[in-house]
Amino acid sequence: MSEKLLAVLVVAIGTYMTRFLPFKLKDKFRKLSSLDEFLTYSSTALISALFVTSFVSFQPHEFAVRTVAMVFVILTYLRWKNLGISVISGVVGYFVVNTIL
Amino acid sequence: MFRKGFSYSFPIVAGYLPVSMTFGILAVTLGFSKTEAILTSALIFAGSSQFALISILPESFLSGVIIPIILNLRHLVYSSILSQKFEIKKASITAFGLTDEVFATSVNTRGDERFIRGLEAGSYISWVGGTALGVFAGSALSDDAIASALVFSLPALFLVLLLPNLKEYSTLAAFFGGAIALSFHFIGMSSAGILLAGILSPALVMKLRRMMG
């Protein structure tokens with residue numbers, strides 16, 4: 001087996017374990033008080049963190065394009081409250097703004 | 001529910017295709033064979049850690065293996081949340097496809113385990129398919145303007161999933177989570193920032209809530 005393939009297998013197993021183990025240990029976690037409250041806030045914080053890290057760019061032009069395109073996302077969300085429409089409008093908005101700027 | 005999940009994976013697919021194609025092109029450029037590149041996506045299915053793996057491995061085997069796994073530690077929090085929110089019967093299957101985007105969509109949508117698997121199936125097919133496209137026809141298919149527009153679907157997706165959660169103390173959790181992630185993003189440790197955001201933010205909000213009675 002090549003070194004590359006061995007590395008892929010080890011990372012694949014390690015990644016799978018980070019995803020699988022909490023499901024196996026859930027009964028132990030359930031006994032902890034305040035867990036529901038913690039996890040509710042945690043999921044919101046994580047989505048916010050994912051948004052920030054995927055949105056913020058250190059290149060001024062790219063950041064400007066993303067910011068303007070995000071206006072399309074917010075406006076269509078406020079109008080239709082539909083995930084698909086908002087994401088498509090954001091992608092199209094990004095393409096148009098990036099072409100113009 | 002599986003079909004519903006599959007159809008909800010559309011925004012994820014739009015974002016995954018250009019990124020996975022880029023991965024396929026880069027992996028082959030860095031000396032991975034076509035089979036190894038596709039196997040990497042098929043077996044790991046975790047974007048940032050795959051890029052870390054192929055870029056670090058030529059320098060050091062140990063770092064090339066450990067750093068991608070550390071990058072994925074945030075999945076521990078994702079699975080913990082989903083295991084409390086949903087009744088997961090086939091964890092060994094459902095756990096495999098739990099990416100950032102699948103997690104964020106799952107916690108914000110009324111569904112069940114089959115819904116999650118539908119989401120995962122659409123995402124997985126596009127990730128592995130995109131890698132194969134990148135490997136076999138990457139340079140012919142890549143268009144920078146279209147690719148960067150499609151990649152924008154991921155922050156757009158996260159924002160649309162975040163907005164309905166901005167109520168009462170959850171708004172504060174979003175603020176803390178965003179601030180922590182941003183701080184770490186600035187110093188090039190985004191993954192650690194996401195992990196800490198998921199742990200520290202709720203602790204801070206709960207503490208504040210108790211203090212305010």
Side-chain angles (χ1 to χ4, degrees), chain A residues 2-12 14-16 18-26 29-30 34-56 58 62 66 69-70 73-74 77 81 83-84 86-92 94-95 98-99, chain B residues 10-11 14 32 36 39-40 43-44 46 49 53 57 61 64-65 68-69 72-73 75-77 79-81 83-84 88 91 95-96 98 100 104 107 145 149-150 152-163 165 170 173-174 176-178 181-182 185 190 193-194 197-198 201-202 205-206:
Chain A
S2 74
E3 190 183 69
K4 290 192 188 83
L5 205 53
L6 181 64
V8 168
L9 281 176
V10 174
V11 174
T15 301
Y16 180 71
T18 63
R19 291 168 172 168
F20 176 66
L21 284 178
F23 287 113
K24 278 289 146 193
L25 301 172
K26 66 178 179 183
F29 285 123
R30 266 194 183 135
S34 305
L35 188 64
D36 282 348
E37 187 184 10
F38 182 91
L39 293 178
T40 300
Y41 294 141
S42 180
S43 61
T44 303
L46 282 166
I47 295 169
S48 175
L50 289 166
F51 165 67
V52 166
T53 50
S54 60
F55 174 68
V56 174
F58 301 118
E62 176 64 18
R66 288 185 191 180
M70 207 51 91
V73 177
I74 293 169
Y77 174 78
K81 299 247 181 331
L83 187 144
S86 294
V87 171
I88 291 169
S89 72
V91 170
V92 173
Y94 179 100
F95 184 79
N98 196 30
T99 307
Chain B
F10 166 73
F32 277 61
E36 287 168 342
L39 268 178
T40 305
L43 295 175
I44 300 176
S49 64
L53 169 70
L57 194 64
F61 179 83
V65 164
I69 294 174
N72 287 332
L73 287 179
H75 295 149
L76 289 167
V77 187
S79 300
S80 301
I81 291 170
S83 71
Q84 304 297 325
I88 305 292
F96 177 75
L98 201 54
D100 294 338
V107 293
L150 286 171
F152 181 75
S153 65
L154 297 179
L157 170 71
F158 290 133
L159 180 67
V160 176
L161 293 172
L162 178 65
L163 289 173
N165 285 298
S170 289
F176 285 138
L182 187 60
H185 188 52
S190 304
I194 294 168
S201 308
V205 174
M206 287 167 75

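Keep in mind it's a predicted model, so treat the numbers as computed, not measured.
- No donor-acceptor pair closer than 3.5 Å links the side chain of B/H185 to the backbone N or O of A/V52.
- Here the closest heavy-atom approach between residue A/L50 and residue B/F158 is recorded as O-CD1, 3.7 Å.
- Both the backbone and the side chain of B/L39 come within contact range of chain A, with heavy atoms under 4.5 Å apart.
- For B/F32, the parts sitting under 4.5 Å from any heavy atom of chain A are the backbone and the side chain alike.
- Across B/A95 and A/F20, no two heavy atoms sit closer than the pair CB-CA, 3.7 Å.
- Contacts between B/F96 and chain A at a heavy-atom distance below 4.5 Å involve backbone atoms as well as side-chain atoms.
- Proximity to chain B (any heavy atom under 4.5 Å) is shown, for A/T99, by neither the backbone nor the side chain.
- Counting heavy atoms of neighbouring residues, nucleotides and ligands inside a 6.0 Å radius, atom CZ of B/F10 does not exceed 12 of them.
- Taken to the nearest 0.5 Å, the CZ atom of A/F51 stands 10.5 Å off from the CG atom of B/L182.
- The structure places OG1 of A/T44 at 11.0 Å from CG of B/L161, a figure rounded to the nearest 0.5 Å.
- Contacts between A/Y77 and chain B at a heavy-atom distance below 4.5 Å involve the side chain alone, from C-beta outward.
- Atom CD1 of B/I44 sits about 6.0 Å away from atom OG1 of A/T15, to the nearest 0.5 Å.
- Annotation for A/R19 and B/L98: closest pair NE-O, 3.2 Å, computed over non-hydrogen atoms.
- Contact detail for B/A174 and A/S48: the closest heavy-atom pair is O-OG, 2.6 Å.
- In this structure A/Y94 satisfies the ring pair (Phe, Tyr, Trp, His ring centres under 6.0 Å) test together with B/F152, sequence neighbours excluded.
- In terms of modelled atom types and a separation under 3.5 Å, the side chain of B/S83 and the main chain of A/F23 share no donor-acceptor contact.
- In terms of heavy-atom pairs under 4.5 Å with chain A, the best-connected choice from B/A181, B/S170, B/P155, B/S201 is B/P155.
- When all heavy atoms are compared, the tightest approach of A/A7 to B/L53 is CB-CD1, 4.0 Å.
- Within the 3.5 Å criterion, the main-chain N or O of B/L76 finds no donor-acceptor partner in the side chain of A/T18.
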